Amino acid sequence: MTSRDALLQSIITPGPTNPFAVSYLQLCQVSYLLPMTQIPAAVTALPPLNPGGSWRCAWGPATNSDESNLAFVATYHYGPGLPVFAAVVLRGTDFYVDDGWGIVEQIWEDLDVPNQVPLPWAVANPARIANGTLDGLTDIQQMTSGGQSMLSYLAGYLGSPANNKPVLIVTGHSLGGCLTTVVAPWLKF
C-alpha cells in the first residue's frame, strides 16, 4: 500500500482521533467566517494532514441572493498538485448574515419540517424530506462561483484524469449538516 493509499484509507476509518474527521469539523467552523475575505485564507491556513500537504479553497464560497445558504469546496493535496479529496462544506444557520431576509429564510428552512415532500430525483419513492430542506437544496443547486455551478465544477474536478480520482466528502454543521443528507446524493454522478 502506497502512502497515498494509506492516507485515502484513513479518510474513511472511524475513530475519535481521526485527523480527517477533525478537519471536516474545522471546515465547518470556517464556513461561518466572512465568505469572500476570510474563508479562502482560513482554508489555506488549516493544518496539513501530512508533511507537504496543503488545503485550497477550490470553488466558492458562494451564497444565494439573501445569504441564507453558503457552500464552498475545499480540496486537500497530498503533495504538490496531487489532490486526495474534495470536501463540499455547507454552512448552518447564521444569524449574523447581512440580509435580514436571509435570516428569515434560514429560520424557515430550519422549521419547515411538518410539510414533507418527495426527493426531487425519486418522486415515486416513499421517502420524504422536509420542505425547508428542499428549499436549501434548491438554493445550493443554483449557486455559482466563477460562473460555474458546484455540480459542474465537481464533475470536471473529480472526473479529470490528472486529479487521480479524489474522494468526495460532504460536510456541514447544523442546518448545513441536515443539507448534507440531500446534497450528497444530488452530487452523486
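As the structure is a computational prediction, the values presented were derived from the model and not from experiment.
- For the pair Asp135 and Glu105, the tightest heavy-atom approach, listed with the atom from each and the gap, is CB-OE2, 3.9 Å.
- The closest side-chain heavy-atom distance from Phe72 to Val43 is below 4.5 Å.
- The CG atom of Leu134 sits 8.0 Å away from atom CD of Gln141, with the distance rounded to the nearest 0.5 Å.
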May I have the list of side-chain donor-acceptor pairs in residues 84-96 shorter than 3.5 Å, sequence neighbours left out?
{"unit_1": "Arg91", "atom_1": "NH2", "unit_2": "Glu67", "atom_2": "O", "d": "2.7"}
{"unit_1": "Arg91", "atom_1": "NH2", "unit_2": "Ser68", "atom_2": "O", "d": "3.4"}
{"unit_1": "Thr93", "atom_1": "OG1", "unit_2": "Asp110", "atom_2": "OD1", "d": "3.2"}
{"unit_1": "Thr93", "atom_1": "OG1", "unit_2": "Asp110", "atom_2": "OD2", "d": "2.6"}
{"unit_1": "Asp94", "atom_1": "OD1", "unit_2": "Tyr96", "atom_2": "N", "d": "3.0"}

### Query
Can you list the steps and then say if Tyr78 with Asn164 is a side chain to side chain donor-acceptor pair (under 3.5 Å)?
CA-CA 12 Å; Tyr78 183 73; Asn164 200 22; over 6 Å; no
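- Asn69 and Gln106 share no donor-acceptor pair across their side chains, judged by distance under 3.5 Å alone.
- In this structure, CG on Leu70 lies 11.5 Å from CG on Asp139, to the nearest 0.5 angstrom.
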Can you give each donor-acceptor pair under 3.5 Å made by side-chain atoms of residues 168-176, sequence neighbours left out, with the distance rounded to 0.1 Å?
{"unit_1": "His173", "atom_1": "ND1", "unit_2": "Tyr32", "atom_2": "OH", "d": "2.6"}

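- Residues Met143 and Ser149 fail the side-chain proximity criterion, which asks for heavy atoms closer than 4.5 Å.
- Counting only N and O atoms by type, the side chains of Asn18 and Tyr24 include no donor and acceptor under 3.5 Å apart.
- Panel note: side chain Asp99, backbone Trp101; a donor-acceptor pair is recorded below 3.5 Å.
- Annotation for Leu137 and Trp121: closest pair CD2-CZ3, 3.8 Å, computed over non-hydrogen atoms.
- In terms of hydrophobic clustering, with Ile, Leu, Val, Met, Phe, Trp and Tyr side chains grouped at heavy-atom distances under 4.5 Å, Ile107 and Leu179 are assigned to different clusters.
- The two atoms that bring Thr144 and Gly147 nearest to each other are CB-C, 4.3 Å, heavy atoms only.
- Cluster annotation: Val97 and Leu111 are assigned to the same hydrophobic cluster (Ile/Leu/Val/Met/Phe/Trp/Tyr, side-chain heavy-atom contacts under 4.5 Å, transitive).
- Listed here is the closest heavy atom pair of Pro118 and Arg128: CB-NH1, 3.3 Å.
- Here Phe20 contributes atom CZ and Gln26 contributes atom CD; the two are 12.0 Å apart, rounded to the nearest 0.5 Å.
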Donor-acceptor contacts under 3.5 Å from residues 151-159 side chains, at least two apart:
{"unit_1": "Ser152", "atom_1": "OG", "unit_2": "Gln148", "atom_2": "NE2", "d": "3.4"}

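- Under the 4.5 Å side-chain criterion, counting only non-hydrogen atoms from C-beta, Pro61 is in contact with Pro40.
- Interatomic distance, Gln29 CD to Ser23 OG, rounded to the nearest 0.5 Å: 12.0 Å.
- From Ile39, atom CD1 reaches atom OG of Ser31 across 6.5 Å, with rounding to the nearest 0.5 Å.
- The environment of CD in Gln38 is crowded: more than 12 heavy-atom neighbours from other residues, nucleotides or ligands sit within 6.0 Å.
- A donor-acceptor pair under 3.5 Å is formed between the side chain of Trp55 and the backbone N or O of Pro47.
- When hydrophobic clusters are built by joining Ile, Leu, Val, Met, Phe, Trp and Tyr residues whose side-chain heavy atoms come closer than 4.5 Å, directly or via intermediates, Val117 is not grouped with Val123.
- Summarising the geometry, atom CD belonging to Gln142 is positioned 10.5 Å from atom CD1 belonging to Ile140; distances are rounded to the nearest 0.5 Å.
- Counting heavy atoms from C-beta on, the side chains of Gln116 and Ile129 never come closer than 4.5 Å.
- Contact of the Tyr76 side chain with the Ser54 side chain is not registered, since no non-hydrogen atoms from C-beta on lie closer than 4.5 Å.
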